Amino acid sequence: MPKNIGGTEFRKMIVSGAKVLEINRAKVDSLNVFPVPDGDTGTNMSLTIQSAVKELSMCTSNRLSELCDAVSKGALRGARGNSGVILSQLFRGICSELKKADTVTIKSFAKAMESGTKVAYSAVSKPKEGTMLTVARLMSEFARQAAPRYRDFSDFLADVIKKGEEALAQTPELLPVLKKAGVVDSGGMGLLCIYRGFLGVLNGEEVAEEYVAPEAQKSEEDVFGDNSDIINLDLGEIEFGYCTEFFVINLKKSTTLADIDKLKEKLMQIGDSVICIGDLELVKVHVHTNTPGLALQYAVELGELDRVKIENMLEQNRALRAKREAEKKEMGMLAVCTGEGIAAIFKDLMVDRVIEGGQTMNPSASDIADAVQKINAEHVFVFPNNKNIILAAEQAKALVEKRTIHVIPTKNVPQGFAAALAFNPEASSEENKTDMIHAIDNVRAGQVTYAVRATSVNGFDLKEGDIIGLDDKKILAKGDNVEDTLLALIRRLKDSSHEIITLYYGKDVTEEQAEAVAARVGEEFPDCDVDFHAGGQPIYYYIVSLE
């Protein structure tokens with residue numbers, strides 16, 4: 001059994017941890033305590049570690065320092081939802097310690113776990129005990145104290161996991177909402193899945209060399225690109241300025257396959273983005289280099305050159321940057337939402353870009369950062385519109401260059417609308433940020449959806465399928481039908497200061513149904529103006545805003 005861990009074992013451990021979590025993803029999702037159909041903790045954690053695995057698969061070295069950098073970078077870019085962000089920070093802290101040596105000892109791994117816990121706790125403004133953080137902390141505390149007693153890594157990690165299981169079992173005692181629902185913390189369960197994957201490698205269990213889950217469907221723009229990656233580069237960041245492409249045909253009789261391999265090696269010494277593939281009939285070459293003539297000279301030794309194309313990427317970049325600078329504005333806005341109607345309203349409010357996200361589909365920090373990069377503005381206001389996306393939006397700040405991200409902590413779509421309405425292009429970014437935050441404080445919002453499990457919470461005894469009305473903190477109403485539950489919710493939300501009630505109906509509600517409900521609302525609350533719009537959002541029959 002191993003006493004130390006090297007780069008090869010570390011790579012396999014990350015891959016195995018991702019695989020075990022993915023296998024148990026649905027189980028982890030099902031533990032989400034709130035009876036709203038947003039059980040996505042396992043999915044968010046799985047997508048986060050899969051991003052780390054993807055980055056790891058592109059690392060050709062087995063040196064721990066490089067592997068750790070890849071894992072840390074990949075997890076950060078793929079972080080989704082609160083659970084994914086916390087997981088990425090655990091990896092960040094762990095990898096910052098492990099990369100310091102060529103091999104990992106039991107003692108250094110314990111120290112790395114402790115570092116991961118500290119970084120993860122620091123990433124959350126108000127850490128709650130009874131969550132994944134608690135499980136990570138108790139495991140790391142045990143590891144640090146017990147490490148000197150162990151000589152075998154497998155025995156050590158097995159006992160760390162046992163401690164984690166004990167900590168997980170205690171989470172309902174630390175977090176009352178878990179106890180009421182009769183479940184343990186879903187994030188803690190996901191973390192233990194990853195550690196069980198680690199242990200499987202140390203025990204010699206069969207592990208696939210690579211494991212990357214299928215990527216989510218990409219839009220046409222994502223597939224074909226929009227030059228944002230080129231536009232955002234500085235001239236100084238382009239190390240090799242000439243994109244050089246050609247074919248080698250009519251190869252000399254003396255040319256061998258080994259010569260083609262040697263050509264590739266020579267090209268790698270004078271540039272990057274090297275492609276050199278083919279056989280003794282035809283070779284295709286692509287290289288970014290500052291000496292295209294030398295690339296051609298190397299290739300002509302093998303045969304004749306055909307279809308030579310050399311493009312000046314520096315000049316392309318200058319032109320693109322000049323155009324972008326001419327069109328650049330001081331401030332822009334980005335909103336996260338679901339539903340075509342909701343997205344259309346944000347665009348009508350002059351929001352520059354909308355990305356899909358919400359319950360069950362939290363965008364990653366990388367998704368948010370990529371969207372911000374595509375907004376040609378110095379300051380970008382981001383409206384997460386969901387409390388489970390705010391942390392990922394904050395995380396995106398570390399992934400964006402040459403822009404300042406201002407995260408407006410909108411927890412729902414109506415708050416996002418209010419923030420967008422408060423935008424004044426004539427005011428400064430700080431003034432706008434202040435006005436937006438004040439604007440969201442004046443909005444009371446709620447949603448009508450359905451319970452996905454039987455539970456007792458917020459004073460309600462719920463069974464699967466019950467219609468429930470809630471705000472961002474708790475359930476306020478329940479009923480047998482959507483309309484009555486919506487009216488009961490509004491009664492709980494409304495106070496004497498409210499003058500406008502706006503309904504945004506979801507994809508499972510028809511316009512006729514929404515019109516009839518709006519009429520009922522108007523009859524019961526004659527002191528308010530009532531309006532309704534097609535939101536098209538999934539999960540929620542209605543989103544209601546009171547102002």
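It should be emphasised that the depicted structure is a prediction, and the values quoted were computed from it without experimental measurement.
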Can you find a pair of side-chain heavy atoms, one from [X] and one from [Y], that are under 4.5 Å apart?
{"X": "Thr171", "Y": "Thr131", "answer": "no"}
{"X": "Ile467", "Y": "Tyr541", "answer": "yes"}
{"X": "Leu76", "Y": "Gln89", "answer": "yes"}
{"X": "Thr502", "Y": "Phe532", "answer": "no"}
{"X": "Gln50", "Y": "Glu22", "answer": "yes"}
{"X": "Pro363", "Y": "Met361", "answer": "no"}
{"X": "Arg403", "Y": "His379", "answer": "no"}
{"X": "Met436", "Y": "Thr410", "answer": "no"}

Quick check against the 3.5 Å criterion: does [X] have a side-chain atom that pairs as donor or acceptor with the backbone of [Y]?
{"X": "Lys402", "Y": "Gln373", "value": "no"}
{"X": "Asp29", "Y": "Thr43", "value": "yes"}
{"X": "Ser46", "Y": "Gly42", "value": "no"}
{"X": "Ser72", "Y": "Cys68", "value": "no"}
{"X": "Asp466", "Y": "Lys463", "value": "yes"}
{"X": "Asn458", "Y": "Phe460", "value": "no"}

[X] to [Y] - nearest heavy-atom pair and separation:
{"X": "Pro172", "Y": "Val183", "result": "CG-O, 3.4 Å"}
{"X": "Glu97", "Y": "Ser115", "result": "CG-CB, 3.6 Å"}
{"X": "Ser51", "Y": "Arg77", "result": "OG-C, 4.2 Å"}
{"X": "Gly78", "Y": "Ser364", "result": "O-CB, 3.4 Å"}
{"X": "Ser122", "Y": "Val119", "result": "OG-O, 2.6 Å"}
{"X": "Cys193", "Y": "Val28", "result": "SG-CG2, 4.4 Å"}

- Give the C-alpha distance, both sets of side-chain angles, the deciding distance and a yes or no for side chain to side chain contact (heavy atoms under 4.5 Å, CB included) between Met139 and Val135. CA-CA 6 Å; Met139 289 171 68; Val135 177; 3.7 Å; yes
Taking distance alone, no hydrogens or angles, what donor-acceptor pairs closer than 3.5 Å link side-chain atoms of residues 342-349 to residues at least two apart or in another chain?
none

With a 4.0 Å cut-off on N to O distance, would you call [X] and [Y] a salt bridge?
{"X": "Glu55", "Y": "Lys73", "result": "yes"}
{"X": "Glu205", "Y": "Lys12", "result": "no"}
{"X": "Lys99", "Y": "Asp69", "result": "yes"}

- Message: I need the single residue from Asp352, Val382, Asp367 that forms a side chain to side chain contact (heavy atoms under 4.5 Å, CB included) with Val372. Which is it?
- Response: Val382
- Query: Is the number of heavy atoms from other residues, nucleotides or ligands under 6.0 Å of Lys118 NZ greater than 12?
  - Reply: no
Hey, could you give me the [atom1]/[atom2] distance between [X] and [Y], rounded to the nearest 0.5 Å?
{"X": "Lys111", "Y": "Leu98", "atom1": "NZ", "atom2": "CG", "result": "11.0 Å"}
{"X": "Lys507", "Y": "Ile539", "atom1": "NZ", "atom2": "CD1", "result": "8.5 Å"}
{"X": "Phe423", "Y": "Met333", "atom1": "CZ", "atom2": "CE", "result": "5.0 Å"}
{"X": "Ile475", "Y": "Leu470", "atom1": "CD1", "atom2": "CG", "result": "6.5 Å"}
{"X": "Phe142", "Y": "Arg137", "atom1": "CZ", "atom2": "CZ", "result": "15.0 Å"}
{"X": "Cys337", "Y": "Asn412", "atom1": "SG", "atom2": "CG", "result": "12.5 Å"}

- Message: If you apply the rule side chain to side chain contact (heavy atoms under 4.5 Å, CB included), what do you find for Ile390 with Lys411, and how did you get there?
- Response: CA-CA 8 Å; Ile390 293 174; Lys411 296 180 179 179; 4.2 Å; yes
- Task: Hey, could you give me each pair passing ring pair (Phe, Tyr, Trp, His ring centres under 6.0 Å) that has a residue in residues 380-404? Not counting sequence neighbours.
- Result: Phe381-His406
- Query: Would Glu66 and Arg11 count as a salt bridge (Lys or Arg N to Asp or Glu O under 4.0 Å) if you check the C-alpha gap in whole Å, the side-chain angles of each, and the deciding distance to 0.1 Å?
  - Reply: CA-CA 11 Å; Glu66 296 181 38; Arg11 181 191 290 270; over 6 Å; no
- Message: Show, in sequence, the C-alpha distance, side-chain angles and deciding distance for Asn24 and Val20, and conclude whether the side chain to side chain contact (heavy atoms under 4.5 Å, CB included) test is met.
- Response: CA-CA 6 Å; Asn24 291 277; Val20 173; 3.7 Å; yes
- Hey, mind stepping through Lys162 and Glu166 against salt bridge (Lys or Arg N to Asp or Glu O under 4.0 Å) and telling me if it holds? CA-CA 6 Å; Lys162 286 180 183 178; Glu166 293 173 7; over 6 Å; no
- Note on the structure: In short, salt bridge (charged side-chain N to carboxylate O under 4.0 Å, His left out) pairs touching residues 431-451 with sequence neighbours left out are Arg444-Asp471
- Glu547 and Asn442: CA distance, side-chain angles, deciding distance, side chain to side chain contact (heavy atoms under 4.5 Å, CB included) verdict: CA-CA 7 Å; Glu547 300 175 71; Asn442 296 324; over 6 Å; no
- Message: Checking side-chain polar atoms at under 3.5 Å, does Asn424 have a donor or acceptor matched by the opposite partner on Asn432?
- Response: no
- Looking only at side chains, do Glu129 and Thr134 share a donor and an acceptor under 3.5 Å apart? yes
- Across all chains, not counting sequence neighbours, the ring-ring contact (aromatic ring centres under 6.0 Å, His included) partners of His533 are Tyr504
May I have the list of side-chain donor-acceptor pairs in residues 482-491 shorter than 3.5 Å, sequence neighbours left out?
| residue | atom | partner | partner atom | Å |
| --- | --- | --- | --- | --- |
| Glu483 | OE1 | Arg520 | NH1 | 3.1 |
| Asp484 | OD1 | Arg520 | NH1 | 3.4 |
| Asp484 | OD1 | Arg520 | NH2 | 3.3 |
| Asp484 | OD2 | Asn481 | ND2 | 2.9 |
| Thr485 | OG1 | Gly479 | N | 3.3 |
| Thr485 | OG1 | Asn481 | O | 2.7 |
| Arg491 | NE | Glu524 | OE2 | 2.4 |
| Arg491 | NH2 | Glu524 | OE1 | 3.2 |
| Arg491 | NH2 | Glu524 | OE2 | 3.2 |

- Can you name the residues that form a side-chain contact (heavy atoms from CB on, under 4.5 Å) with Ala396, not counting sequence neighbours? Ile368, Ala369, Ile405
